[in-house]
Structure formats: structure tokens, C-alpha cells
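Input: a single structure, listed below in C-alpha cells.
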Amino acid sequence: MNKYIPSQIEPKWQEKWKENGVYLTDLSETKNKYYVLVELPYTSGDLHMGHWFTFTMGDILARFRVRLGFNVLFPNGFDAFGLPAENAAIKKGIHPRDWTYKNMERMRGQFETLGTSIDWTKTMVACDPKYYKWNQWIFLKMLERDLAYRGKLMSNWCPSCQTVLANENVENGKCWRCGSEVEQKEVDQWLFRITSYADRLLWSDPPQADWPKSLREGQNDWIGKSEGMEIEFSVAQDTSKLKVYTVFPETIFGVTYMVLAPEHSLVKKLVVKDREKEVEEYIRISQKKSELERKAEGREKTGVFTGAYCINSVNGKKVPIWIADYVLAGYGTGAVMGVPGSDHRDFEFARKYGLEIIRVIGKSAGDQSKVLLMDDVLEEGILVNSEQFSGLKTPEEAREKIKDWLEEKGWGKSQVQYHLHDWSISRQRYWGTPIPIIYCDPPAGGCGIVPVPEKDLPVELPYEVDYAPKGKPPLATAEDWVNTECPKCGGPAKREVETMDTFVDSAWYFFRYLDPENDAKIFDKKIAKVWMPLDIYIGGPEHTLGHALYSRFFTMVFKDLGLVSFDEYAKKRIHHGTILGPDGSRMSKSRGNVVNPDTEVKNYGADAIRLYLMFLGPFDIVTSWNPDGVNGVYHFLQRIWGLQEKLKVKSEKLKVEDLRIMHKTIKKVTEDIEQIKFNTAIAALMEWLNHLSRKDGIEAEEYKVFLLLLAPFAPHITEELWQVLKSSVVSRQSSDKKSLIADSEATPKAGEAILKTDSWSIHQQSWPKSDSKFLEEEEVSIVVQVNGKVRDILVIQKDVIRDKEVVEMKALESKKAQKFLVGKSVKKVVYVQGKIINFVVSS
RNA sequence: GCCGAGGUGGCGGAAUGGUAUACGCGAUAGUCUCAAAAACUAUUAGUCGCAAGGCUGUGAGGGUUCGACUCCCUCCCUCGGCACCA
């Protein structure tokens with residue numbers, strides 16, 4: 001027999017599958033659809049082990065569903081816009097587009113070697129105008145509905161490059177490109193009003209879709225809905241009002257000071273003359289601090305007194321107004337009331353600056369103990385020193401009562417706050433979707449901000465651009481492109497030179513797979529109605545607060561645009577794990593611990609790598625690549641290859657025990673794939689192989705079913721062996737009417753695998769069915785325990801297990817059990833039918 | 001600090017209230033071989049014992065139960081995410 005040499009069979013079948021369109025999906029089918037999706041790869045240049053891991057999972061699920069008779073869609077595309085392409089361009093002098101397309105071609109080839117059942121006729125490439133035209137269309141729709149707007153946002157700002165920097169581009173508070181000190185500055189940018197969807201984006205319990213708990217809770221925390229109160233205080237020196245937000249209105253009698261964020265609009269107005277210098281200095285220093293710097297400082301609070309006071313309406317108390325950068329301008333009103341007796345953070349601040357501390361929540365009614373230490377601070381308990389509200393339990397009784405009272409008096413009103421901010425989509429970068437906006441400015445009168453009319457889409461990204469960093473968006477250098485006519489008045493105007501965040505590209509791509517060539521519409525609603533939502537979406541946990549939130553937002557917007565009828569685009573999402581390098585750390589070139597799939601495929605073949613990755617552990621495992629581990633599954637494949645020799649020429653009826661293990665394995669593999677437990681499905685096949693190897697010869701039926709079950713995991717070797725079997729059958733049929741396959745067809749047994757002439761591939765055969773009548777055993781093992789410890793195992797005829805007395809009698813006959821029963825009195829006997837009998841004894 | 005997921009042999013892991021360590025890797029011994037590799041066979045949680053067999057054992061400690069890796073409480077550790085949100 002010939003040897004198992006993967007390189008001789010894998011490319012051959014990959015080619016045949018493609019030629020015969022084995023994996024093409026007919027989207028006009030309206031029944032039994034199953035849409036599998038894996039997060040699209042970024043065009044980084046090479047497929048890495050992580051891609052193999054996740055796409056093998058998707059592939060197994062896709063192949064399995066096809067075999068069950070579903071119409072399966074398993075597409076893929078490329079996330080092709082973004083910073084790395086631009087950086088590579090600057091570094092290597094290649095145009096971002098050329099770099100991207102070159103990488104894409106390479107990765108497409110690598111996907112072939114993996115042997116996936118991806119239908120490449122349904123695809124998208126983010127940097128293709130055919131695709132990003134629809135990003136622009138969505139932008140215009142958002143604009144129409146006031147969901148896109150030009151607004152200000154605090155950002156990292158490099159004064160010398162004149163650009164906004166992402167957090168990761170700020171190094172020690174300095175610009176990564178020029179080294180200038182980065183400032184915090186309000187910068188004009190385009191924003192998507194995701195906050196108006198905050199409530200809809202919240203996950204309920206039970207959840208509206210089967211998504212991971214960590215994602216649901218993470219998103220809910222990120223959205224950060226809180227229901228509190230906005231309370232107004234009068235400034236003592238003039239007529240202005242100071243508004244604060246709090247979720248603890250019941251502590252209002254404990255307010256001893258106020259704190260404003262350095263950026264608060266009232267700061268300039270409030271600060272008294274002789275403190276101006278100190279305050280200005282404080283603000284100057286805090287504004288220079290980047291996010292990272294603030295974090296690096298830890299929780300040590302700093303602040304400065306303005307010299308101003310305001311009045312607490314509830315008791316007429318005059319309290320000092322401070323400024324501190326632990327108060328965030330972007331949350332609530334940008335001002336907080338200081339209640340050091342009931343808030344740990346306020347306590348810390350008050351103690352540092354010697355501010356008054358009053359107890360308003362005590363352990364018991366009338367508790368007048370001093371708040372001297374952090375541990376004395378109470379957030380819940382009984383209200384004290386709170387006039388008519390003293391003695392009420394908080395939060396249960398007091399909060400609502402004080403809330404109502406404050407509202408009645410007109411001092412405060414209920415307010416819902418979110419932590420979620422609107423989504424800034426502006427990037428001062430070249431390699432992204434141009435924002436379809438034209439600025440028509442004076443002197444010619446000027447129409448202001450004018451959206452590009454839909455008929456003029458796409459606004460194509462110009463190729464000839466100086467994308468080297470010059471301190472302004474690269475698109476500004478393409479003067480021919482920038483200078484245009486105003487669509488409204490026809491006068492001279494300039495294009496928007498910012499591009500969109502690449503998260504826009506990935507927020508809706510799975511809709512486009514359904515209708516990738518459509519030039520008139522974003523996608524056909526009718527097709528989407530049939531094929532969406534996704535049945536399963538495999539992705540990384542790192543996208544919890546980015547992609548996975550934005551894509552939900554887009555889907556909800558699509559619903560409001562009448563494109564779809566659902567809020568959630570994926571019925572189920574799972575978070576895959578990570579394959580670390582052999583040294584246990586993340587694979588990276590700098591560490592030199594990268595395991596290259598191409599090399600591994602050369603050594604072992606794609607089937608072995610697929611199988612190894614799936615056998616490692618559960619789908620969400622984070623574990624390191626073990627170079628020896630591949631040997632194990634490679635060995636498994638070689639043993640399967642060797643089964644050909646053991647195949648009996650003349651088929652006989654399967655024995656009871658052979659039938660039992662076959663049906664047991666069918667059941668186990670089927671259930672495990674459904675539950676995405678590939679490791680144990682493979683283990684079950686290994687166990688069956690061990691059984692088959694022990695036999696003298698194997699029957700065609702069990703051989704066939706084995707291949708049929710293994711096919712989703714190892715598509716190449718199973719196709720090869722299937723075709724070899726088929727051709728041997730055909731040659732047999734011509735000479736001698738009886739054949740291996742014909743036998744089992746005449747009397748359809750387990751597996752029901754029938755070779756159809758129009759479905760030549762093993763991957764088109766129907767999935768074997770398990771028959772429970774073969775699973776029943778004549779004899780059952782029953783564990784005999786004494787006081788919960790296993791003492792013996794009883795083998796009993798199946799028809800007896802219902803009778804507790806008989807089982808008990810037999811168990812008492814056990815010599816091993818008897819040793820532990822002599823001289824003891826049996827207090828109780830617990831019998832679990834067919835499983836265990838436990839004697840509870842005392843000495 | 002908060003939220004989420006975990007902690008089981010030398011290693012990856014299996015078992016979701018009923019025989020802990022399936023399956024695989026590695027290791028040890030043997031068969032084959034001039035030899036090695038490959039393949040095949042056997043053993044492989046710790047411990048006491050010649051053996052039969054016993055005892056201990058799923059991060060630590062407690063609890064519930066006839067019975068706990070599994071459920072509950074307290075604590076420790078690891079991983080992922082968020083983090084001065086008033």
C-alpha cells in the first residue's frame with residue numbers, strides 16, 4: 001500500500017472542490033439556511049495560527065450543517081483599510097493599496113491550503129470602492145437622521161503635527177512621531193450618535209441573543225447606565241447656578257464642598273482674583289496630562305480651591321468650590337458634590353485638603369460617631385444628621401423620599417446618565433473611507449457643510465497622495481481631489497480630508513456578503529430577510545467593546561432605516577481562544593516564537609494541523625503550541641490511512657459490539673459538534689479507531705461511517721479514502737454485481753450513506769444517523785459503595801436493574817463489599833437505578 | 001478596586017451530583033532491527049505493601065449531601081476586560 005503523504009493529496013482535492021463548485025451557496029434558496037461567520041481577517045500579510053484555529057472551527061460547523069441538509073453560507077472577506085498599511089507604506093515606500101492587495105492575494109492562497117469550505121464568490125474587501133461606497137451611503141443616512149454630526153471631543157492632540165492621536169500613539173505623554181508633548185484638547189470631529197441607542201444596546205436578562213456573558217456584562221458596564229439626579233446649587237457670589245450629578249441624593253445633607261473638572265465652563269467665572277494664578281497653573285498642568293499619564297499617577301488626588309462658595313439649598317450651608325482633575329468633564333455635569341462622610345473618594349480628598357467631614361449615614365439611628373478613617377465611611381445604613389429624613393434606611397427608604405422631596409422643591413430632577421460616548425469616526429489618515437462631505441465656504445457666500453449627493457457616490461480615494469506625515473491629513477495634499485464644486489451652489493469648495501475609522505468597515509460587512517455585487521443598493525432586503533441573522537459568529541473577546549458593539553448599533557440603525565426587521569444580527573456568538581507560542585507567550589516576531597502554519601503544513605499536511613488545533617482543548621482555550629502534539633494527530637491520520645489494508649473484500653454483518661461502538665460514536669460526534677466540543681468528538685473517533693485497529697478485518701460499513709464522521713475535521717484524507725473506496729466499488733460492480741457499497745445500500749443500515757452520482761464528494765454525503773436500539777447493552781455495571789466509597793463493581797443483567805431488592809442482594813454478596821460491612825449495621829441503602837448502590841453504615 | 005472566566009497527573013485536557021484522570025503528548029520497558037528511526041505491545045496520580053489490597057488525592061479551609069472536580073460560604077492564585085463614572 002502507498003504511504004500517507006498529505007502533500008500528494010491535499011492540493012489535488014482543493015483544486016477539484018474548486019473546479020466542481022462543491023462549496024458554492026445558492027442564496028436564492030429560502031429554506032433551511034445556516035449562516036456561519038468568522039471575524040474577517042486584517043490584510044496583515046500572512047495567515048497566522050490564530051486564523052487557522054478560528055477558520056477551522058467555522059469550517060467544521062459549515063461542513064457539518066451541509067451534511068445535515070442545510071443550505072450553508074460560509075463566506076469571508078478582508079478588513080483591508082487601516083493604519084498598518086499606511087505605516088508599511090511610509091516605512092517601505094510601497095503604496096498602501098499595493099501592499100494591501102499583495103497581502104490579500106497571498107492570504108487567499110493560504111486559505112486554500114487550509115482546505116476551508118469558504119464560498120469565495122460572496123466576499124468583500126473593505127478598501128474596494130464597491131464596498132466603501134456603502135460606508136459613505138450609511139454616513140449620509142446617519143446624517144439625514146441626525147445620527148452623524150460634527151462635534152467636539154476631548155482628544156490627544158499633537159500641537160506640532162496638528163493631528164489627533166490615538167491612545168496607543170502617545171508614548172510617555174509625547175507624540176510617537178515628533179516627540180512633542182501631547183495635549184488634551186477639544187477637537188472638531190465627525191461623530192456617530194451611538195448614545196441615542198444606549199438603552200437599546202443594553203443586554204437584558206435573559207439575553208435577547210445567545211452571546212457570551214462576559215461580552216454582555218462588559219458591554220452593559222461600558223454603556224454604564226446610571227439613574228440619579230441632577231441637583232442645582234446657587235453660587236454665593238453671583239447669580240449663576242452650579243449643577244451636579246449624583247446617584248446618592250440621600251446624602252445631600254452631608255455635602256461639605258463642590259468639585260469642578262478643570263475644563264468646566266464656570267471655572268473662569270467663579271475663581272476669585274487672588275487665586276487666579278494658582279488655579280490657572282493647576283489647569284495648565286492637568287490639561288497637559290494624557291490619559292496614560294493620569295493613569296500612571298494612580299489614584300492620588302490633587303485639587304485647588306477657587307475661593308468661591310455655593311449654597312446647599314436643603315440647609316442653607318455655604319460650601320467651598322474646588323477644582324480637581326479626578327472629576328471628568330465628559331461625565332454628568334462635569335461637577336460633583338463632595339460628601340466625604342459617605343464616599344471613599346471624597347473622604348480621601350477632604351482629608352488631604354482639610355475639608356469638613358460630616359456623617360450622614362450611620363450604622364444605626366442617631367449614630368454620631370466621627371468619620372476619621374477610610375473604614376468609617378458608610379455608603380449604606382441609616383440616615384443621620386439629615387433633618388426630617390434622619391432614621392430612614394438607605395438606599396431602600398431614604399433615596400426615593402429625598403428624590404421626591406428635591407424634585408418637589410425644584411432643587412433637583414431625575415436624570416439618567418451613560419458612560420458610553422458618541423463614536424468618533426474621524427481619522428486624519430489616508431488609508432480609509434473618505435467621508436462624503438464638501439465644505440463650501442466664503443468668500444462666495446458659502447453653503448457650509450454639504451453632504452455629497454447619493455448619486456455621486458462613491459467618493460473615491462485618490463491614489464496619488466503624499467501620505468508621509470506632514471502634520472496634516474494626507475488627503476489634504478491631493479489638491480486636485482480636494483478642490484471641487486459645491487453640489488448645492490456650484491461654487492468652489494473643498495472636500496473633507498478626514499477618513500473613517502475602520503470599525504465602520506467591519507460594523508456591517510456580513511450583510512454585504514449576501515449581495516456583494518449590488519451597485520444600486522447596500523444589499524437586497526429580500527435576501528437578508530432569508531439569510532440573516534447569522535446563526536453563529538465566531539470572534540475574539542477583544543472586540544467586546546469595539547466591533548461587537550458597533551455592529552449591533554449599525555444593525556439597529558439598519559432596522560430603523562427599514563432594511564431589516566431585527567435588532568440583533570447574530571443568534572449566537574462565541575469567543576474563541578488563543579494559540580500561544582511554544583514558550584507560553586503570545587506569538588510575535590520580536591519574541592521569535594511564531595509557529596508558521598505554512599511550515600507546519602509542509603511537514604504534516606493541513607488535515608493534521610486542523611485536527612491538532614481542534615484536539616488541543618475546548619474552542620475557547622488559551623494554550624501554547626506543543627511541537628510534539630502534532631505528531632499525535634499525524635499518527636492518528638496514518639493509522640486511518642492504514643485501515644484500507646484491513647478492509648474486508650467480502651462484507652459480513654457487523655457484530656453487536658461493533659454496532660454499539662459505531663452508533664455510540666455517531667451519537668457522540670454529532671452531539672459534540674452541535675455543542676462545539678470538537679476535542680471530545682475527535683477523542684471519540686480515536687477510541688473507535690483503537691477498537692477498529694484491534695479487529696482482524698473491518699467491514700465496509702464501519703469504514704465508511706468512520707470517514708463520514710471524520711470528514712468535517714480532516715477534509716482531504718477523508719475525500720481521498722472515500723474516492724479510493726468508490727472507485728474500487730465501481731470496478732467491482734462492473735465485474736461482479738455484488739459490491740461493498742451495494743450491499744449496504746440494499747439493506748440500509750446505520751449511516752445511511754449512499755453514494756449519489758450528482759454528489760461525488762464525501763463532503764456532500766448525508767450525515768450518519770445513530771440508532772438508539774444499538775446502544776442498549778445486555779449487561780450493566782453497577783458501582784457498589786459503602787459510605788460513598790467505591791468497593792466493587794457489579795455486572796448485572798439489564799432486565800434486573802429495575803428491582804432494587806435483587807440488586808441489593810447481589811451487592812451484599814460481593815466479597816469486596818462485605819469486608820467493609822461486617823460488624824456494622826446498615827442504616828440506609830441508596831440505589832440509583834443502573835448506576836450505583838450505596839450502603840450507609842455505622843460501626 | 002470592579003466585572004467576567006478559570007485552578008484536575010510530568011504536559012494539553014476529560015468528567016456539570018454517582019467508578020476522577022477519557023483521548024492525546026511525553027516517559028519507561030519490551031518486540032522487530034547489525035543499529036537507529038518508524039511501527040507494534042505493555043506500564044504510567046501519589047503513597048504503603050512481596051502480593052491481595054489499603055490509604056491519600058481535582059488551589060486552601062469550611063459547609064450541604066448517602067455520595068462533591070461538580071452545589072453553597074470564606075480565602076489564595078492565574079488569565080481576560082474595565083478602571084477616579086460622582
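Throughout, a chain's letter reflects where its sequence line sits, starting with A, and its residues are numbered from 1. For the numbers below, each heavy atom of this structure counts, side chains included, while hydrogens, waters and symmetry mates do not.
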So, A/Lys810 and A/Glu805, do they make that salt bridge, N to O below 4.0 Å? no
For the pair made of CD in A/Glu232 and P in B/A86, what is the distance, rounded to whole Å? 21 Å
For residues 787-797 of chain A, which side-chain N or O atoms pair as donor and acceptor with protein atoms under 3.5 Å away, sequence neighbours left out?
unit_1, atom_1, unit_2, atom_2, d
A/Asn787, OD1, A/Val841, N, 2.9
A/Asn787, ND2, A/Val841, O, 3.4
A/Asp792, OD2, A/Ser814, OG, 2.6
A/Gln797, NE2, A/Glu779, OE2, 3.1

Return a single string for nucleotides 22-33 of chain B, one symbol per nucleotide in 5' to 3' order, where B is base contact, S is sugar-phosphate-only contact and - is none, cutoff 4.0 angstrom on heavy atoms. BBSSS-------
What pair of heavy atoms forms the shortest contact from A/Lys3 to A/Trp641, and how long is it? C-NE1, 3.3 Å
Searching all strands shown, indicate the nucleotide that pairs with B/C69 (Watson-Crick or G-U wobble; both distances under 3.5 Å). none
Reading nucleotides 50-59 of chain B from the 5' end, what letters show protein touch, with B for base, S for backbone sugar-phosphate only, - for no heavy atom under 4.0 Å? ---SSSS---
In whole Å, what is the span from the CZ atom of A/Phe636 to the P atom of B/C40? 13 Å
With sequence neighbours excluded, give me every ring pair (Phe, Tyr, Trp, His ring centres under 6.0 Å) pair touching residues 205-232 of chain A. A/Trp203-A/Trp211, A/Trp211-A/Tyr569, A/Trp222-A/His419
Which letters describe nucleotides 68-73 of chain B, given B = protein heavy atom under 4.0 Å from base, S = only from sugar-phosphate, - = neither? ------
Can a side-chain donor-acceptor contact be found between A/Tyr245 and A/Ser226 if the only test is distance below 3.5 angstrom? yes
Nearest to the A/Val830 side chain among B/A86, B/C66, B/G12, which nucleotide is it? B/C66
Nucleotide N/O of nucleotides 41-46 of chain B paired with protein N/O under 3.5 Å:
none

